[in-house]
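Take a look at the structure set out below.
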Amino acid sequence: MLFNTPLFFALLGASLVVYWFARNLVTRQIALLITSVVFYAFWYPPHLILLFALVFVAYGVSRLIEVDEGQRFVWMGFGTVVVLICLAYYKYAEYFLTLAQPLIQASGKSIDPSAYRLELPLGISFITFQIIAYMVDVAKRELKPERNIFTFSLFVSFFPQLIAGPICRGHELLPQLKTKHNFIIKRFFSGMLILFAGLFLKVVFADNMAADIDRIYAAPSEFPGGVLLWASIGFGFQILSDFWGYSTMAVGMALMFGIVIPINFNLPYISTSIQSFWRRWHITLSSWLRDYLYIAVGGNRRGKLLTYRNLILTMLLGGLWHGASTNFVIWGAIHGGFLAIERLIRGLITTTFSADSAYLTVLNWAWRPIGWAITMFVTFTAWVFFRAETWDDSVSVISGIASAPMDGWLTVSSVMYVLILAFVLLMVPVHRYIEAARHEKLSTPWLLLGSSVFLFLSVVMTSPDPVPFIYFQF
Amino acid sequence: MSRWSYILPAILAVIFFGGIELFARIALFDLVSYTNSSKLDSSWASAKLQSDEIEVFAIGSSEILYGLDPAIFDEIGTARDCDAKTFNFGIEGFGPTHFEIVLENVRYDESLPSAKIALIGINMFERHDSIPISLESGFNCDSMAGDLQRSVFTSGFGRDTGLSALCPHTKNGSVFGWLEGQLSEFSLAYRHRQAMRSLILYGDAHHQDPSRKDVQKRVRENGFYYSAGMTNETLAFHMDRWKNNFSQIAYWQEDVQLDTWEDYVAHGGIFDRIARQVEAQNLLPVFVANPSNPVMITDTNRESFYTSNAQLMMEWTESRGYVFLDAGILGSFDPKSDFEDHRHVSGEGARKVSRMLADQFFENAIVRERIGC
């Protein structure tokens, strides 16, 4: 059940009616939990068992941490390992067996890695991260464990953010799930506007770009460099509009229930550095990686070299989190490597110039366009590895672009140019409109106007075939 | 909140939605193809200009489009003191099911106020598996060939004629389907949203198609599609292609049961239903055997099938008070100059076959009475 299908809107509508007409909190929680279960079961019902098994593990571990305080980090470690084994089993078994094939064969045994290719439970990567963050926060005494398993189940399975985030922390979501919110019409319509703005980003930009990009990336060696260049630029905009659209819809839906969840995107393509990019792109994942991985492996506390290593390691694992593929690891390595280089350069500059130096001010000002160009070059190059199915395909794309970047521009579909131009022009105004709605700064008539315009444009521009969200595969 | 915080958004909403609706009603199809087909665009535009004059019109497949020349009908009608302006609405890929859909949705009696007779093109040597007992199953529009492929089904024309309903994926029996139906009636901007999308994303790509001008030249003002016939090379090419298709499509190699056609002419069968729909629009249904290349009929061993079906059609039309026109198997025609390919007649062939059909047409007392001559 995709967010951009009528069936989902029917489920959402029914859930909203029951939720807001319910007299007590428990009924509301039941409405939300049933909606979440139905939503998840629609994809593949047996995976509900896994979802609730993870819920029980995390709940049990958090209770054990509470009663056995002295061993709280042991319990947290145990819970984390169990959850990660589950993730690894479903997501990486085939990949690691393929990598280990030479060793297995050397030992005289034979295993077919494809036999370990499993139906990936939807959203398992996001669910895993949310649960780990919860257990760590409880162990670090930053969060009180939730005693009500019903509320905790809802925290893990809350449907707007269940499949692909935003990854919510316990302190952000749990208190709101335990509050009986008053129906505020302005907040409801703000949520509706944000929901339709997300739908607009998804169906107008991402879906209409998808067909051409998929066709070109399915056989990149058959296309000239200029076509590959525009398909790769297009993918950078497709993935942003797709994931920004999804995350925005999640934020809007949650707000319609009176619940505030964090945003995931803040105009990442205006970033003037890779560090800034990661503060604007998939914000809840990058902050998760920072808080629960980068800091856990030492962060910047153990000298410069180890800081660089930690940055690269964090991004490598971040890449691997996206999927069992060498290309994702390379994507992570590119980002990690450039984060380390930026940090090195920044360190050199701060030791050369004093903080109040006029040179530093001029340098900062002059650096912006250059930094933006470098950041976009790195980001869009890295997207090639992210999008290509195989290493060979990514090499075909990169070498095709490098050898003849101007070849075949005229054969590129006008759709690509129209949509990229429109996205660049509309990106900032749409973001500002969404932010104004999120902070409830717009009056109801403006919210209704915006909602109806976004909905109308989504309906008119929708592709005849619905396209799944890219991040649902992770 | 000030009064303006209500008035300004309301004004903007009226400008935005009203402007788009106005554009859809006035200018949309001047900028984007109405049918997504050059042939259909041309014939529909011509028909619009002559809508008050057309008295006889033909609907059917490409065999009608290529094979029935209205100029010959007009000429013979005049020669026999029975003037009647004829128009060809043949569409490539048009099958019997389309008749039911088009006749249900297109009010010819309103759009062609002078129309008196509908010529219905029927293929006499096919089993007509394409006639489903129920329309519920629909077509696999994504893999359809000819002009009636998906792009035409989803065009403005497809929506207006109801042809889009033949694609199962456009059917929605839920409350959303109902809502969509209501909105489509209310707003042309919504009804033709796919055309709006095409315009925004692809501009006037259809109008810039270089083959469009050639097609437009060949579509006559009376809807007839003129083709020049085959040379030695194209004859060889088309025959090779036909043999290749023939060997790959099991349907052509199957033996057909001679009694198959009996279901179609039975009480309440497909032809009864088509005839009733035509009569409901105050038109006389005249059934016409599609002019086809005999290569198709001989290679598939269906001469006796054709003859038997023609006999059944003749008996059925007589029993119902309708008319059936049959030029027979065109065995004496020239294999090159009289045919466009392995299936269709050429412009030259169309002239010959149209003469044969028009003679029968204007001799018929029921026809003459309906036209008033």
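These numbers come from a predicted model, not from an experiment. A, B, ... follow the sequence lines: proteins, then strands. Residue 1 opens every chain.
- At a heavy-atom separation below 4.5 angstrom, chain B is approached by A:Trp446, A:Leu449, A:Ser452, A:Val453, A:Phe456 within residues 446-456 of chain A.
- The environment of OH in A:Tyr417 is crowded: more than 12 heavy-atom neighbours from other residues, nucleotides or ligands sit within 6.0 Å.
- Taking OG of A:Ser414 as the reference point, atom CD1 of B:Ile200 lies at 12.0 Å (rounded to 0.5 Å).
- In the displayed structure, A:Arg432 atom CZ is contacted under 6.0 Å by at most 12 heavy atoms of other residues, nucleotides or ligands.
- Remark: B:Ser43 engages no residue in a side-chain hydrogen bond (donor to acceptor under 3.5 Å, both in side chains) (not counting sequence neighbours).
- Nearest heavy atom pair, residue B:Pro9 against residue A:Pro445, reads CG-CB, 3.7 Å.
- Once rounded to the nearest 0.5 Å, the distance linking CE of A:Met461 with CE of B:Met196 reads 10.0 Å.
- For A:Lys441, the NZ atom is loosely surrounded, since the number of other residues' heavy atoms within 6.0 Å does not exceed 12.
- Within the model, atoms CE of A:Met416 and CG of B:Leu201 stand 11.0 Å from one another, a figure rounded to the nearest 0.5 Å.
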Verdict with supporting geometry, A:Asn208 and B:Arg197, side-chain contact (heavy atoms from CB on, under 4.5 Å): CA-CA 10 Å; A:Asn208 283 310; B:Arg197 175 177 176 268; 2.5 Å; yes
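- Only the side chain of A:Val418 comes within less than 4.5 Å of a heavy atom in chain B; its backbone stays farther off.
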